[in-house]
Amino acid sequence: MKQEIIERLTRYVKVNTQSDPNSDTCPSTPGQLELANMLAEELKAIGMTEVTVDQNGYVMATLPANTEKEVPTIGFLAHLDTATEFTGENVHPQLIESYDGGDIILNHELSIVLSPADFPELAGYKGHALITTDGTTLLGADNKAGIAEIMTAMAYLIQHPEVKHGEIRVAFTPDEEIGRGPHKFDVDAFRAKYAYTVDGGPLGELEYESFNAAQAKIIFKGKNVHPGTAKGKMVNSIKLAMEFHSQLPAHEAPEHTEGYEGFYHLLSFQGDVEKTTLSYIIRDFDRNAFEARKTKITELAAQFQEKYGKERVEWEINDQYYNMREKIEPVKEIVDIAYEAMENLGIEPKVSPIRGGTDGSQLSYMGLPTPNIFTGGENFHGRYEYISVDNMVKATQVIIEIAKLFEQKA
């Protein structure tokens, strides 16, 4: 199983599937469709049925039940795309067969080092097989590790018919990293009663709470005049934007928050004297606090209009997803089964809120309750991303164990 997982992940990450928030297509980038078609052929090759890829890049497949019991159809999902913050082009994964606990030289030429001094949790992986980047790209284990784990689990169940299970549906979806993963997902066609995204991080993660999420864009419009004759005439939109950002609570930002604490995150700051755009994401677990954060942005923008003129400031705020806890708690048994599956395998479940979002956040509100389980990865979205192959094997085993428990409890 270990070698199978290594082979799959290293093959998948070489396809550049970064999504693009500025694209209007679905999937937003052609690489995602390339990987979707590759996975569809692989699903057929391992023996899955009803394998489809639609025009939007959604892959679905079925593992038929092999039991006479009436077992609810369950699904496992992972996303095709990788993050937008750091390049996913020309990924060259590196395998460390047995990590010695010290510094890992990702790139000798560029002196890029993955060190326990900077990432203390790395020391806990001593003795593990690790897959890292070469220091110039992200790895893409988020979420190609989930794809590899689901694929390997399905292959195992096909090869071991003595393991009884109900019908299992699998889906690989585009554009999760830009918040669009479920937008064209056909819940009825998927026909699962419950599902799990395999999109978490370190060993044991089990999550059924997510942020409430929105994105905000504030546009400041200035007036550019030659600086030699600008007195009383120039309006510098960059300075308006800087003033605006300074009015938000400095410590309510990602770098200062944890647990259930929400934040405003300045995602990008682009502009010149004439026009500057601030893009934020707004996050909070509590719905009332979430609404209050959006209200603060609106009120602050309105104050700037009053101070500098209505023509100087425009803004828009759009909700992205909501806390999935509301939809999963009524069927909490699906979380309990995942918890039990981990315990059966000697894994300590770590139930915690997702400080982010998964496709499950939106799918749960679309009628498909979908908690999230770990993949085994660390430091997603950047050059220091890595994943434990040992923990990928455990994630694969958890998928198999969940399928077994649903059948046993039917």
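- A side-chain hydrogen bond (donor to acceptor under 3.5 Å, both in side chains) check over residues 108-121, counting only residues at least two apart or in different chains, returns the pairs D103-S115.
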For side-chain hydrogen bond (donor to acceptor under 3.5 Å, both in side chains), just list the numbers for R283 and Q320, CA-CA rounded to whole Å, side-chain angles, deciding distance to a tenth of an Å, and then say yes or no. CA-CA 10 Å; R283 301 290 188 263; Q320 295 172 296; 2.8 Å; yes
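- For the atom pair CD of E207 and CD of E205, the computed distance is 4.5 Å after rounding to the nearest 0.5 Å.
- H245 and Y264 are not linked by any side-chain donor-acceptor pair at a separation below 3.5 angstrom, with hydrogens and angles left out of the test.
- When side chains are defined from C-beta on, T136 counts as touching L110, because their heavy atoms get closer than 4.5 Å.
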side-chain hydrogen bond (donor to acceptor under 3.5 Å, both in side chains) between N323 and N212, intermediate numbers included: CA-CA 5 Å; N323 191 338; N212 296 290; 5.6 Å; no
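- The side-chain hydrogen bond (donor to acceptor under 3.5 Å, both in side chains) pairs that include a residue from residues 167-179 are S28-D175, Q32-D175, T62-R169, T73-E167, H79-E176, E167-R191, T173-D359, E177-H381, where partners are two or more places apart or lie in different chains.
- None of E311, E314, E274 except one satisfies the side-chain hydrogen bond (donor to acceptor under 3.5 Å, both in side chains) rule with K221; the exception is E314.
- The aromatic rings of F244 and F304 sit perpendicular, their planes meeting at an angle over 60°, well past the 30° parallel limit.
- With hydrogens and angles disregarded, a donor-acceptor distance shorter than 3.5 Å links the side chain of R180 to the backbone of P21.
- By the side-chain contact (heavy atoms from CB on, under 4.5 Å) test, E401 pairs with A341, N344, L345, K404, L405, sequence neighbours left out.
- Around the CD atom of E258, the shell of radius 6.0 Å holds no more than 12 heavy atoms that belong to other residues, nucleotides or ligands.
- With T17 contributing its side chain and L80 its backbone, the two residues share a donor-acceptor pair below 3.5 Å.
- To the nearest 0.5 Å, atom CD of residue E41 and atom NZ of residue K44 are 4.5 Å apart.
- Residues M392 and L9 form a side-chain contact, since some pair of their non-hydrogen atoms from C-beta on lies under 4.5 Å apart.
- The aromatic ring centres of Y196 and Y208 sit 6.0 Å or more apart.
- Taking NZ from K332 and CD1 from I328, the interatomic distance works out to 10.5 Å, rounded to the nearest 0.5 Å.
- For the atom pair I178 CD1 and H183 NE2, the distance stands at 9.0 Å (nearest 0.5 Å).
- Taking a cutoff of 4.0 Å between a charged side-chain nitrogen and a carboxylate oxygen, R355 and E209 do not qualify as a salt bridge.
- Residue pairs meeting the salt bridge (charged side-chain N to carboxylate O under 4.0 Å, His left out) criterion with at least one partner in residues 284-297, sequence neighbours excluded, are E252-R293, D284-R293, R287-E291, E291-K294, K294-D319.
- Rounding to the nearest 0.5 Å places CD1 of I218 at 5.0 Å from CD1 of I297.
- Side chains of H165 and L63 form a contact here, defined as non-hydrogen atoms less than 4.5 Å apart.
- Judged by distance alone, the side chain of Y280 and the main-chain N or O of I282 form no donor-acceptor pair under 3.5 Å.
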Please report the C-alpha distance between T67 and E407 in whole Å, then the side-chain angles of each, then the deciding distance to 0.1 Å, and finally whether the side-chain hydrogen bond (donor to acceptor under 3.5 Å, both in side chains) criterion is met. CA-CA 8 Å; T67 178; E407 195 275 341; 2.8 Å; yes
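- Using a 3.5 Å distance cut-off with no hydrogens or angles, the side chains of E378 and Y125 do pair a donor with an acceptor.
- Using a distance-only test at 3.5 Å, with no hydrogens or angles considered, a donor-acceptor pair links the side chain of S237 to the main chain of V273.
- When the shell of 6.0 Å around CD of E68 is examined, it contains 12 or fewer heavy atoms from other residues, nucleotides or ligands.
- The shortest distance between side-chain heavy atoms of N391 and P202 does not fall below 4.5 Å.
- Sorted by first and then second residue, the salt bridge (charged side-chain N to carboxylate O under 4.0 Å, His left out) pairs with a member in residues 237-248 read E243-K307; sequence neighbours excluded.
- Separation of the F285 and F211 ring centroids falls under the 6.0 Å cut-off.
- Inspection of the Q18 and T82 side chains reveals no N or O donor paired with an N or O acceptor under 3.5 Å.
- At distances below 3.5 Å, not a single donor-acceptor pair connects side-chain atoms of T375 with backbone N or O atoms of V198.
- Side-chain contact between L206 and Y339 is present, with at least one heavy-atom pair separated by less than 4.5 Å.
- Checked by atom type and distance alone, the side chain of S361 never pairs as donor or acceptor with a backbone atom of Y321 at under 3.5 Å.
- At least one side-chain heavy atom of F185 sits under 4.5 Å from a side-chain heavy atom of L368.
- For A153, the side-chain contact (heavy atoms from CB on, under 4.5 Å) criterion is met by T396, I399, I400, not counting sequence neighbours.
- Rounding to the nearest 0.5 angstrom, the gap separating the NE2 atom in H92 from the OG1 atom in T132 is 12.5 Å.
- The pair D390-K394 does not meet the salt-bridge criterion, since no charged nitrogen lies less than 4.0 angstrom from a carboxylate oxygen.
- Side-chain contact between E333 and Y194: present, with at least one pair of heavy atoms (C-beta onward) separated by less than 4.5 Å.
- With 3.5 Å as the limit, one finds a donor-acceptor pair spanning the side chains of T197 and N372.
- Residues R8 and E42 are paired through a salt bridge, judged by an N-O separation under 4.0 Å between the basic side chain and the carboxylate.
- Side-chain contact check for K69 versus F406: every heavy-atom pair is 4.5 Å or farther apart.
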